[in-house]
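Within every chain, numbering begins at 1; the chains are lettered A, B, ... in the order of the sequence lines, protein sequences first and strands thereafter. All values below come from the heavy atoms of this structure, side chains included, with hydrogens, waters and symmetry mates left out.
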There are 2 protein chains.
Amino acid sequence: MRPTVHDIAAAAGVSLATVDRVLNQRPGVRHVTREKVETAIRELGYIRDVAAANLAKGRTYPLVFILPASDNSFMHGLNAEIRQAVLRSPAERTDIRIVEVPAFDPAALVSVLEGLSREKPCGIAMVATDAPEVRAVVDRLVRERFPIVTLVSDLTGSLRHHYAGVDNIAAGRTAARLLGRFLGPRKGEIAVLAGSMLVRDHRERLEGFAAVMAEEFPDLAILPVLEGRDDPEVAHRLVADALGNAGIVGIYSLGAGNRGLIRALKEKAVDRTLTVVAHELTAHTRAALIDNTIDAILNQDAGHEVRSAIRILKAKADGLAVIAAQERIRLDIFLKDNLP
Amino acid sequence: MRPTVHDIAAAAGVSLATVDRVLNQRPGVRHVTREKVETAIRELGYIRDVAAANLAKGRTYPLVFILPASDNSFMHGLNAEIRQAVLRSPAERTDIRIVEVPAFDPAALVSVLEGLSREKPCGIAMVATDAPEVRAVVDRLVRERFPIVTLVSDLTGSLRHHYAGVDNIAAGRTAARLLGRFLGPRKGEIAVLAGSMLVRDHRERLEGFAAVMAEEFPDLAILPVLEGRDDPEVAHRLVADALGNAGIVGIYSLGAGNRGLIRALKEKAVDRTLTVVAHELTAHTRAALIDNTIDAILNQDAGHEVRSAIRILKAKADGLAVIAAQERIRLDIFLKDNLP
DNA sequence: CTGTTAGCGCTTTCAT
DNA sequence: ATGAAAGCGCTAACAG
């Protein structure tokens, strides 16, 4: 039988209350007493029963998710996954609130974060907008002991505890190798469609992509980036225009708004064979993969990101460890054969 | 505040014990009483606190993992992941035992399973050997209400509750498309290295591979399968021999024993450019991917498989639901750019 | 058939 | 600074 607080109390010759104070690092215990208890804990190999502790405390985990109010499939999916987590709240003792902020608006994000420090959630998950003022509040909140994880888009150089998202440089590199290998000996130009070069994940994907292209596929030239603002209409216009260029042999779509990309491809692609790699598995990209309009999709599993963020925030709140491998967000590569 | 058993008891005008009997579907409750309690449960929106119940019961989950005693990296990794889970046992209330059986030996597996029914574990995870007599015991155990999940290799047509592993047909198809696309316009022959055509996962991978090759890459011809018995030495000899054939442009290694494959490739590949797709990320395949000996690795995450099997067995034992998306074992595709 | 009571392992008053 | 006792939500004897 596993030792319990009773066993520790008996072994140390103190009461339950004292054991509890030591366990929870609460004040009001003489140094020698504390020592005795800690020794007993060590010698008996005591492992605390977190479930029992939570029951006694009636503990819940108030968490806040801060998302950009962007109207694209990926953010909708992310939102849906959080709402799924809300449904599981009773069992997981969480109490999750979603806060939407205007996209790409550091000031708005900062003011939401400041407001949050008042209501004392036990954890914050946020899709970060990469700006110095955001970094500053995040660092302040972390110093005030709020567990914070970034979601999908990181805030490098900040003190956030964890990043629940894919390695976007690796994603860009992978896209480049897939395109390069799929194109084989063909020479030509590659169009790149991004949302905005102002967001870090898009910049990083481009960086990785350009690096591998330059290193390994010198016969393929990257055209100036098209910024579609993650908007299907804009993306459609940009891509339709670009396809006027007969030298294009491939496209890398590293942001959202793929609906517009796909429409443009279908309008123009009758006569040509383009190789296309896009990000994020949605109803549209899935259909395009199946009908060969897209050759490969790189994806991040929003459900995994949300569940991971929750596990990590809870663990941080309790000072517990996590299973690192379980929290690694993979870059999923989908061909038409391995779709979920 | 969430309603508790006390609230239900009060609302239904019965005692705690009766509520508990209804909750746990135990006998000894009049039909009308049961109705009253069930109504109260429904009306108050009662949700049971599993953690509290487990505390009261002192519940633990005795689980058994049955693995083939195969000496290859993948099985070693799987074993290691289970041992990791054993270390987490105190927190997860599990009590995990690993049983090794001779590989590819249905009779041995059957006798272990029969022995198990005596010791009443609350769940069994097994790497299945696909044979009728195994199916028969598994079906019998399932009927006797043992939760059973197959791990890595499935037992199709059986009553097992769940399969924690990848879709091997999809894996074979994916391998074919990667090889085909990477080879582009090249024509030639493809060597296939398998462990044994007697195990289902290998057969299925080959099946998927051959299907896509035939449908979409008619210029590539599949050579007769080399059966390396998942043994590096045998694999080395077979591949070294095969490479004498100058027509070979690609290799698909769908089993284990890649150490031998890699050695053969390094010995012979100076003068040629082979495209190689292999299964399972190990220290050897990882190094080979990085030095361009292998072009892509298909992988199944053994840690995920083990954690998933445990979650599912526990849920089944309690009659609880799982998060389906979380339990889907993906086919990971690794290029040198997205290695973990 | 139904109810009473004493815990499970831990936390939390409230005394001392 | 320390301890006694009650209780978190649920289950398990044991009575009736």
Just to confirm, is there a sub-4.0 Å distance from OP1 or OP2 of dT2(C) to any side-chain nitrogen or oxygen of T33(B)?
yes

Check the phosphate of dT11(C) against R21(A), side-chain N and O only, distance under 4.0 Å to OP1 or OP2. Yes or no?
no

Roughly, in whole Å, what's the span from NZ in K57(A) to P in dA6(D)?
22 Å

In whole angstroms, how far is the P atom of dC10(C) from the CZ atom of R93(A)?
15 Å

If you compare every side-chain N and O of R48(B) against the phosphate oxygens of dG9(D) (OP1, OP2), does one of them come in below 4.0 Å?
no

Given atom NE2 of H6(B) and atom P of dC8(D), what is their separation to the nearest angstrom?
7 Å

Is the NZ or CZ atom of R48(A) positioned over Y46(A)'s six-membered ring, under 6.0 angstrom from the centre and within 45° of the axis?
no

Euclidean distance, atom CZ of residue R59(B) to atom C1' of dG9(C) [Å, nearest integer]
18 Å

Which residue lies toward the 5' end of DNA chain D, T18(A) or N54(B), if each is placed at its nearest nucleotide?
T18(A)

More 5' along DNA chain C: L16(A) or R34(B), using each one's nearest nucleotide?
R34(B)

With a non-hydrogen cut-off below 4.0 angstrom, is G58(A) in contact with a base, only sugar-phosphate, or nothing?
nothing

How is N24(A) classified with respect to the nucleic acid when contacts are heavy atoms under 4.0 Å: base, sugar-phosphate, or nothing?
sugar-phosphate

For I47(B) and dC8(D), what is the distance between atoms CD1 and C1' respectively, to the nearest whole Å?
17 Å

Euclidean distance, atom CG of residue L55(A) to atom P of dC8(D) [Å, nearest integer]
9 Å

Tell me: CG of D7(B) to P of dC10(D), nearest whole Å?
9 Å

Compare the minimum distances between each of dT11(C), dA12(D), dG9(D) and the side chain of V5(B), then state the nucleotide with the smallest one.
dG9(D)

Over 12 non-hydrogen atoms of neighbours within 6.0 angstrom of CD in Q25(A):
no

Distance check: side-chain N/O of R30(A) vs OP1/OP2 of dT2(D), anything under 4.0 Å?
yes

If we check side-chain contact (heavy atoms from CB on, under 4.5 Å) with I66(B), which of these qualifies: V112(B), T150(B), I148(B), T129(B)?
V112(B)

What is the minimum heavy-atom distance between F146(A) and K120(A), and which atoms define it?
CE2-CA, 4.0 Å

By the 4.0 Å heavy-atom rule, please label D20(A) as base, sugar-phosphate, or nothing.
base

Could you walk me through whether R21(A) and V37(A) pass the side chain to side chain contact (heavy atoms under 4.5 Å, CB included) test, one step at a time?
CA-CA 10 Å; R21(A) 286 191 263 264; V37(A) 175; over 6 Å; no

Please lay out, stage by stage, how I96(A) and S89(A) fare under the test side chain to side chain contact (heavy atoms under 4.5 Å, CB included).
CA-CA 7 Å; I96(A) 298 173; S89(A) 278; 4.3 Å; yes

Figure out the CG/P separation between L44(A) and dG9(C), and round it to whole Å.
14 Å

Are OP1 or OP2 of dG3(D) and a side-chain N or O of S15(A) less than 4.0 angstrom apart?
yes

Out of dA13(D), dG3(D), dG9(D), which nucleotide sits closest to the side chain of A17(B)?
dA13(D)

Which part of the nucleic acid, if any, lies within reach of A53(B) when heavy atoms closer than 4.0 Å are counted: base, sugar-phosphate only, or nothing?
sugar-phosphate

Using a cut-off of 4.0 Å on non-hydrogen atoms, how would the nucleic acid contact of V19(B) be classed: base, sugar-phosphate, or nothing?
nothing

Just to be sure I understand the rule, does R26(B) reach a base, reach only the sugar-phosphate, or reach nothing, if contact means heavy atoms closer than 4.0 Å?
sugar-phosphate

Would you indicate what V29(A) reaches in the nucleic acid, counting non-hydrogen atoms under 4.0 angstrom: base, sugar-phosphate, or nothing?
sugar-phosphate

